[in-house]
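These notes concern the structure reproduced below.
We name chains A, B, ... by the order of the sequence lines, and we start the count at 1 in each one.
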Number of protein chains: 2
Amino acid sequence: MRPAATPADPAAAVVTPETSPPGTVLPDGGRPLRADAARNREAVLTAAEEEFAARGLEASISAIARRAGIAKGTVFRHFATKEDLATAIAARHARELTAIARRLRGSTDPEAALLEFLTEAAGRLQRRRVAVLMTVPAPGSELDRLQREVHDAVVPLVDEARAAGVLREDVTGTDVFLLMCAPVHTVDALADPPPELWRRYVGVVFDGLRPAGASPLAHPAPTWR
Amino acid sequence: MRPAATPADPAAAVVTPETSPPGTVLPDGGRPLRADAARNREAVLTAAEEEFAARGLEASISAIARRAGIAKGTVFRHFATKEDLATAIAARHARELTAIARRLRGSTDPEAALLEFLTEAAGRLQRRRVAVLMTVPAPGSELDRLQREVHDAVVPLVDEARAAGVLREDVTGTDVFLLMCAPVHTVDALADPPPELWRRYVGVVFDGLRPAGASPLAHPAPTWR
DNA sequence: GCACAACATGACCGAGCGGTCAACTTGCTA
DNA sequence: TAGCAAGTTGACCGCTCGGTCATGTTGTGC
């Protein structure tokens with residue numbers, strides 16, 4: 001029989017993260033990974049990102065393993081379930097968006113800042129096609145928390161733009177958060193879209209958020225979760 | 001052995017459509033269906049629409065059959081493959097959109113007409129969640145033709161609105177066709193969206209299409225297929 | 001350089017899928 | 001109302017999937 005604490009279940013391992021050297025890969029607060037394991041873990045994440053991008057959530061673990069050049073079992077050693085793997089990728093994406101939003105906060109040009117955020121978000125979404133992975137997560141889950149983090153980082157950006165008079169009065173941070181993915185989805189209906197076409201629809205959506213020519217909206221703003 | 005011409009392969013059946021009484025169900029130009037078969041066919045379509053709406057393209061034929069109250073084999077009698085079934089539903093949707101666009105053409109109020117089209121399209125999309133089924137079809141396929149039909153019906157609507165000065169100069173029919181689904185996708189990121197929230201984003205997108213406050217778009221307009 | 005925990009491997013499992021078909025039932029026509 | 005083509009059925013097939021695990025391999029601390 002195997003030891004009770006398998007690495008795929010990090011919660012079961014007793015860990016002292018402070019003792020590990022800085023810069024070491026610590027998967028979710030676990031002990032540092034062995035060198036080969038760290039390499040493989042990264043290979044799985046990269047392969048999965050590509051495979052999910054190409055085939056959506058139906059991408060198979062076998063195909064991901066093949067692309068990463070390792071055996072299927074190894075994938076499951078690092079990510080207990082397929083869902084865990086998808087979550088890890090979506091989480092990485094969410095963390096990036098949060099960082100971008102926080103960096104742009106307090107800009108002297110709130111209009112440019114908001115536009116840059118929308119552009120960065122759509123661009124990443126386009127490149128990684130991670131949209132499918134951003135579906136509504138289980139309440140209280142890690143991804144749920146990370147999505148809220150993105151949302152909460154967007155709100156001040158929107159507030160600043162509105163205060164500066166470059167954004168319509170009736171639009172909220174939640175609106176912008178939701179509209180973030182629209183330009184990429186828009187392009188998806190095309191068989192072979194020009195790789196930068198999404199920028200066009202970022203423009204259209206952004207113009208729809210401007211005060212000039214804004215007509216009253218038919219429905220009150222939603223609240224986040 | 002079975003007779004060579006199975007109903008699931010209508011092309012193999014010799015047919016004289018003119019001889020059948022009007023109003024009879026004629027699946028793709030075949031002979032009229034028996035009463036029970038016509039009932040079942042409709043039940044399959046309804047069940048599939050609901051099941052695809054709930055679970056997307058991964059909805060299983062078994063589940064659809066169960067929901068329709070018939071055996072799995074019967075589903076395959078009416079639709080040779082799962083893809084055929086999905087196509088039939090998407091085709092129904094496309095035909096409706098084409099009809100709406102054609103009806104609204106030549107309106108005395110092109111602005112209201114365009115808004116009504118966008119609202120109708122988004123509303124249907126929201127109710128039937130048929131968006132997943134509208135993915136890029138095989139070139140030359142029936143669905144490809146029907147999508148082009150919708151597209152071509154939208155173009156004059158957009159041209160009229162532009163000519164009336166209620167639409168920005170740099171927006172094309174293809175743009176509007178692509179943006180049609182955006183409001184529904186926008187709402188999808190919410191766990192439990194208010195059922196009419198999509199109307200809010202129809203408003204935002206439509207305002208983005210107005211001439212007032214329009215800024216130059218970053219990318220040239222796409223062409224359709 | 002040894003010893004052992006950590007890690008990698010791939011054959012294997014049960015479940016569920018899309019799709020088939022021989023046997024049975026039923027609506028329609030003459 | 002008899003006869004039969006049209007329609008229905010559900011057991012069955014081959015296949016792929018996510019996930020497991022006994023066995024073999026390897027990086028690492030001493």
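- Out of dG18(C), dC28(C), dA8(C), the shortest distance to the side chain of I61(B) is found at dG18(C).
- We find that CZ of F76(B) is positioned 16 Å from C1' of dG7(D), with the value rounded to whole Å.
- Between R34(B) atom CZ and dC4(D) atom C1' the separation is 10 Å, expressed in whole Å.
- Side-chain proximity of A71(A) to dG7(D), dT9(C), dG19(D): nearest is dT9(C).
- Rounded to whole Å, atom C1' of dA5(D) lies 14 Å from atom CG of L33(B).
- Regarding contacts with the backbone of dC7(C), every side-chain N or O of N40(A) stays at 4.0 angstrom or more from both OP1 and OP2.
- S60(A) comes within 4.0 angstrom of the backbone, heavy atoms only, and of no base.
- The closest donor-acceptor contact from the side chain of D144(B) to the backbone of G140(B) lies under 3.5 Å.
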Let me see the working for E142(B) and R145(B) under salt bridge (charged side-chain N to carboxylate O under 4.0 Å, His left out), right down to the final yes or no. CA-CA 5 Å; E142(B) 168 79 356; R145(B) 204 179 53 74; 3.4 Å; yes
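- In this structure, R39(A) places its CZ atom 12 Å from C1' of dA8(C), rounding to the nearest Å.
- Summarising the geometry, the separation between NZ on K72(A) and C1' on dC17(D) is reported as 7 Å, rounded to the nearest angstrom.
- Contact annotation for A59(B): backbone-only contact, meaning every heavy-atom pair under 4.0 Å involves sugar-phosphate atoms and none involves a base.
- The residue among A37(A) and A35(B) whose nearest nucleotide of DNA chain C is located toward the 5' end is A37(A).
- H78(B) has no side-chain polar atom (N or O) that falls below the 4.0 Å cut-off from OP1 or OP2 of dG7(D).
- Comparing dG19(C), dG19(D), dT26(D) by their closest approach to the side chain of K82(A) singles out dG19(D).
- A straight line from CD1 of I70(B) to P of dT8(D) spans 7 Å, rounded to a whole angstrom.
- Taking every heavy atom of both residues into account, L85(B) and V44(B) meet most closely at CD1-CG1, 3.9 Å.
- The side chain of R77(A) contributes an N or O atom lying less than 4.0 Å from OP1 or OP2 of dC7(C).
- dG18(C) atom P lies 11 Å from atom CZ of R66(B), rounded to whole Å.
- In terms of position along DNA chain C, the nucleotide closest to G73(A) lies nearer the 5' end than the nucleotide closest to the other residue of the pair G73(A) and T81(B).
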Report the C-alpha separation of H93(A) and R128(A) in whole Å, then their side-chain angles, then the decisive distance to 0.1 Å, and conclude whether the side chain to side chain donor-acceptor pair (under 3.5 Å) test is met. CA-CA 9 Å; H93(A) 182 74; R128(A) 321 214 291 204; 3.3 Å; yes
Going through the distances and angles, do E49(B) and R92(B) end up as a salt bridge (charged side-chain N to carboxylate O under 4.0 Å, His left out)? CA-CA 11 Å; E49(B) 206 168 280; R92(B) 191 196 262 189; 3.4 Å; yes
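- Taking atom CZ on R55(A) and atom P on dT16(D), their separation rounds to 14 Å, with Å as the unit.
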